[in-house]
There are 2 protein chains.
Amino acid sequence: MRCYHDNDYHIQIMTFQKEIDIFDYFIMSKGLKQSGQRRDILKTFLKTEKHLTADELFRLVKKKNPSIGVATVYRTIKLICDCGLGRELRLDNDSVRYEHFFNHDHHDHLYCTDCGELTEVVDREIEKLQQKLAKKAGFKMQGHRLIIHGICRKCS
Amino acid sequence: MRCYHDNDYHIQIMTFQKEIDIFDYFIMSKGLKQSGQRRDILKTFLKTEKHLTADELFRLVKKKNPSIGVATVYRTIKLICDCGLGRELRLDNDSVRYEHFFNHDHHDHLYCTDCGELTEVVDREIEKLQQKLAKKAGFKMQGHRLIIHGICRKCS
DNA sequence: TTATCTGCAAAGCCTTTGCACTTAG
DNA sequence: CTAAGTGCAAAGGCTTTGCAGATAA
């Protein structure tokens, strides 16, 4: 699998080495054990540029490793989020989906209520104002979720 | 039941007449029928200043009308949201909660990851920037959800 | 009158858990 | 060697649905 790097247009093979290291270190530091299944799940997750449900991820990993069980995927995706490589998204009227941060900076979402498409966006100024708002309320901010609902260009 | 009005400190009886009218009109215009259960559920919902799960709402309504069934509450809370008197909230690691808009302007939430408390906040400037952001992306904005996670004053 | 609503219980999802077996460290 | 991981199937929550009787319009 290949990818363009925005900054240098250099084609490189995606090894996810950095992410695997983070995952390995996390597992190790918690006194847990690494496994082939866990690595397969992580790689498939990072490789997929979609917001997946646990079950969708399970079906994808199954192609590479047919003996895998759903429970392992559910257990592993939580670990992946715990170590900071991904996070849960809870969209309305839908089950939980997961997204990873490989080659994605922090971002918010535009959600089309018509076609269901999710677009990633960032606005530095909104981010700053959120910090200010939290501070004013005496909140030690850890993060945020912003979803803007509407009708996308294609659907309107 | 009584309440203070922020603006005039005038004590008044809460009849929710305006909200009941909105609800009635919605029901009627969809060719549906009104019922005592639906009104009980709406009133209990509006009266409660907490973000309730459907089941919590069910338990509250049961006190007033012991013969009510859960299914009716699930069915009715959806109608209440559809007619614009409330909305769903999906917090992480928690089931769906509902909030109403009686005496509440549009707001966002600060969520304390320690004690779970939800605080309502508004920032006009953030709202404006969101509009701008949506517009720039060719989005016809309908609404948004913003939750800021962190540690509240009490917990830090 | 008749289409809708209701409570009940059963069914459906998604997710977690208990278990016996396997495996990493 | 031993604590942790795995797949499976069963169990758990929460929510929806089918149904027969009740009820609003």
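These values consider heavy atoms only, across backbone and side chains, with no hydrogens, waters or symmetry-generated copies.
Regarding Arg75(A), its CZ atom lies at a distance of 11 Å from the C1' atom of dT15(C), rounded to whole Å. One can place CZ of Phe23(B) at 12 Å from C1' of dC5(C), the figure rounded to the nearest angstrom. Remark: P of dT6(D) and CZ of Phe58(A) are 13 Å apart, rounded to the nearest angstrom. At whole-Å resolution of the value, CG in Leu79(A) and P in dG5(D) are 8 Å apart. Between the P atom of dC14(C) and the CZ atom of Arg97(A) lies a distance of 10 Å, rounded to the nearest Å. Regarding Leu52(A), its CG atom lies at a distance of 13 Å from the P atom of dT15(C), rounded to whole Å. The interatomic distance linking Glu88(A) (CD) with dC14(C) (P) rounds to 15 Å, in whole Å. Between the NZ atom of Lys62(A) and the P atom of dT6(D) there is a distance of 15 Å, given to the nearest Å.
No more than 12 heavy atoms of other residues, nucleotides or ligands lie within 6.0 Å of CD in Glu125(B), so this atom counts as exposed by the packing criterion. The number of heavy atoms from other shown groups lying within 6.0 Å of NZ (Lys140(A)) does not exceed 12.
In this structure, His100(B) contributes its side chain and Leu46(B) its backbone to a donor-acceptor pair below 3.5 Å.
With respect to the salt-bridge test (charged N to carboxylate O, under 4.0 angstrom), the residues Glu56(B) and Arg97(B) qualify. Between Lys154(A) and Glu117(A) there is a salt bridge, since a side-chain N of the basic residue sits under 4.0 Å from a carboxylate O of the acidic one. A salt bridge between Arg145(B) and Asp108(B) is absent, with no side-chain N of the basic residue lying under 4.0 Å from a carboxylate O of the acidic one.
The aromatic rings of His107(A) and His109(A) lie perpendicular to each other, with more than 60° between the two planes, well past the 30° mark.
Among the heavy atoms of the strands, none lies under 4.0 Å from Val70(A). In this structure, Ser67(A) reaches the sugar-phosphate backbone alone: every heavy-atom distance under 4.0 Å involves primed, P, OP1 or OP2 atoms, never a base.
For the contact set between residues 27-45 of chain A and DNA chain D, defined by any heavy atom under 4.0 Å, the members are Gly31(A), Leu32(A), Lys33(A), Ser35(A), Gln37(A), Arg38(A).
In the set dT17(D), dC14(C), dT15(D), dC14(C) carries the atom at the smallest distance from any side-chain atom of Tyr74(A).
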